[in-house]
Amino acid sequence: MKRILALLFGCMILLCGCRAAPDADGDRPVGEPFRWEERTVVYDGISLAYTDEIWYQTDTFSLPAARLSMALSDAAMVRGAHEPGADASLEQLLGALDFLDYESFGYTETPDTDTMAAGYAHRTVNGPDGTFTVLAVAARCGSYGREWAGNFTVGEGVEHKGFRRAAELLYEHAADYCTRYGITGDCVIWTVGFSRAAAASNLFAGRVAREGGIGGLSARLCAYSFETPAGTRDTACRSETYRGIYSVIGEEDLVPKVAPAAFGYARYGTDYVLPPFSDDGVRQTVENTYAALYPDAEPLSLSGSAAGAADRFIAYVCERVVSPEQYTARWQDGVRAFITALADGGYSTSESAKLMRSLISGLQDTVNSYRNGAISLEKARALVDIALKGGLREAGLAGHEDFLDDILRLAFNADADTGHDILLKSLIFALSYSPLSANEPKPDDLYSLAPAVLSLLTEAGTVMTAHMPRLCMARLMAI
């Protein structure tokens with residue numbers, strides 16, 4: 001009997017031993033299929049599906065990865081002052097995703113002409129081939145202040161000069177972070193951003209792709225940016241070198257259309273164009289999705305013709321500016337100086353909205369009156385000049401008369417998150433290249449100005465709304 005029991009006991013040990021034998025990575029029993037970690041995270045009231053597999057399949061656009069990246073981009077946004085706690089949402093979301101050793105730079109500093117802010121963290125992921133590190137690099141958008149000057153610093157190089165400087169800051173801090181935390185081995189860099197932060201993130205990802213990593217660390221990319229301005233004239237920017245880099249854009253948004261494609265600008269990697277509002281079904285679905293996701297927000301009323309208005313406006317500006325080289329040589333220094341002055345003595349959002357409404361009303365009436373033959377070209381020019389200069393004096397922006405005569409006006413304020421300023425500066429930028437500011441205006445040119453500007457004004461609500469993080473998220477969730 002003892003021999004029988006001993007034999008049975010030995011068989012049990014053998015069977016248990018076979019089941020418990022681990023595979024090469026030491027965590028998974030032999031013969032058992034690998035399972036990625038999955039969970040749900042909640043941000044801004046939205047439940048987002050998360051799986052570690054998104055870090056393993058970065059060569060293909062992933063909707064779950066895009067949604068998660070949009071949430072992180074929004075969490076990185078500053079909606080008020082740059083002060084302690086301004087990046088609290090970013091730190092919390094990364095913590096919910098088990099990222100460790102969170103650090104940031106720039107969030108407590110007042111933005112200057114060429115600054116940037118971002119948050120960093122890392123985590124270890126178990127994959128079918130072993131463990132690897134994911135490094136999160138989330139660039140800050142919102143409350144730009146003087147950084148608007150960097151947005152208009154185009155330069156004559158392959159990359160937009162202002163965006164490149166912001167990308168260099170992301171790279172420098174990321175390299176330092178990796179060194180201090182001893183990040184080695186297989187690594188995925190997850191970099192995200194919205195608007196200006198998207199441009200910086202895209203150029204940062206482009207550099208990582210060219211170098212095959214960062215600071216000597218070999219790395220793959222999981223780069224998602226949203227409503228991304230175009231920042232490179234590299235003709236190979238869409239090559240296989242830049243796999244794993246994605247820009248999510250809406251054709252109704254004015255921001256991804258600058259710097260203009262007509263000047264050779266594009267983005268590194270692959271553009272993922274969201275379903276357009278020109279499709280009635282898409283537009284209704286997005287409106288319904290937005291209302292469901294954000295029940296306390298004001299309902300959206302989108303337009304299918306906003307993309308055309310934005311395209312006509314960009315085409316008009318390109319025709320007048322001619323080239324990045326001409327812009328840099330003639331206007332760039334003045335634009336930077338003027339924008340810096342605006343940021344230093346900016347006005348409130350309510351004043352911005354009031355000024356915008358006043359200028360739009362006056363300019364619409366003036367251009368329409370000229371087109372209808374009610375007033376002469378000289379009278380139209382004088383009225384626009386008075387409206388612009390008067391509006392800027394009202395905002396406390398005097399002492400730039402010489403610049404006014406060359407570029408009639410760029411206007412925005414230090415708290416440029418409402419979208420009002422996007423329209424205002426776009427409108428006045430268009431007017432600045434019209435015959436209204438030329439020594440010898442031509443009636444035919446003034447007539448051609450009207451459709452470009454007025455179509456933008458007609459679609460003003462949608463053009464501004466299109467550049468809104470929550471709308472971008474709703475568009476992704478509606479797919």
Side-chain angles (χ1 to χ4, degrees), residues 24-28 34 36-39 41 50-62 64-66 68-69 71-73 75-76 90-91 93-105 116 118-139 166-193 197-198 200-225 239-247 268-270:
D25 63 19
D27 295 319
R28 177 165 43 96
F34 180 83
W36 292 100
E37 179 189 344
E38 297 180 354
R39 74 175 88 167
V41 294
Y50 170 80
T51 171
D52 282 341
E53 190 173 12
I54 63 175
W55 315 122
Y56 203 73
Q57 298 180 345
T58 60
D59 287 353
T60 304
F61 179 87
S62 164
L68 192 68
S69 298
L72 194 67
S73 299
L90 176 59
E91 183 175 7
L93 181 54
L94 286 170
L97 293 167
D98 292 337
F99 280 78
L100 306 173
D101 299 320
Y102 175 81
E103 291 185 5
S104 66
F105 78 92
M116 173 49 69
Y120 300 81
H122 69 96
R123 64 162 295 185
T124 299
V125 175
N126 292 317
D129 302 322
T131 61
F132 58 93
T133 300
V134 179
L135 171 65
V137 180
E168 288 172 347
L169 291 172
L170 295 181
Y171 187 98
E172 291 166 8
H173 284 271
D176 177 66
Y177 183 95
C178 290
T179 298
R180 287 187 292 104
Y181 285 99
I183 297 175
T184 58
D186 190 13
C187 182
V188 174
I189 295 179
W190 179 30
T191 180
V192 305
S201 178
N202 185 259
L203 296 192
F204 164 69
R207 179 176 175 181
V208 172
R210 286 191 300 275
E211 297 179 1
I214 184 167
L217 172 69
S218 179
R220 294 177 287 118
L221 282 161
C222 182
Y224 284 82
S225 58
S239 70
E240 186 67 15
T241 298
Y242 301 102
R243 61 186 180 276
I245 305 177
Y246 306 99
S247 295
Y268 290 112
T270 302

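Note that the structure is a prediction, hence the values are computed from the model and not measured. When reading the values below, keep in mind they use all heavy atoms of this one structure, side chains included, and skip hydrogens, waters and symmetry mates.
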Side-chain heavy atoms of L169 within contact of F105, under 4.5 Å:
yes

Classify the ring geometry of F132 against Y56: parallel below 30°, tilted from 30° to 60°, perpendicular beyond 60°.
tilted

Would you call the rings of W36 and F34 parallel, tilted or perpendicular, taking 30° and 60° as the class edges?
perpendicular

Rounding to 0.5 Å, atoms CD1 (I54) and OG1 (T60) come to a distance of 13.0 Å

Look at the rings of Y50 and W55 and say which category their plane angle falls in: under 30° parallel, 30 to 60° tilted, over 60° perpendicular.
tilted

Contacts of Q57 meeting side chain to side chain contact (heavy atoms under 4.5 Å, CB included) (sequence neighbours excluded), chain-then-number -> E53

Measuring from I214:CD1 to Y171:OH, what's the distance to the nearest 0.5 Å?
5.0 Å

Within the side chain of Y177, is there an N or O that forms a donor-acceptor pair under 3.5 Å with the backbone of S104?
no

When rounded to the nearest 0.5 angstrom, what is the spacing between CG in D52 and CZ in R39?
7.0 Å

List for me each residue that meets side chain to side chain contact (heavy atoms under 4.5 Å, CB included) alongside A167, sequence neighbours excluded, and say none if there are none.
L203, F204

Residues that D59 engages under side chain to side chain donor-acceptor pair (under 3.5 Å), provided they are two or more places apart:
none

Is there a donor in the side chain of S201 and an acceptor in the side chain of T191, or the other way round, less than 3.5 Å apart?
yes

Once rounded to the nearest 0.5 Å, what's the spacing between atom CG of L217 and atom SG of C178?
5.0 Å

Does the plane of the ring in F61 sit parallel, tilted or perpendicular to the ring in Y224? Use 30° and 60° as the thresholds.
tilted

Atom OG1 of T241 and atom CG of L221: how far apart are they, to the nearest 0.5 Å?
11.5 Å

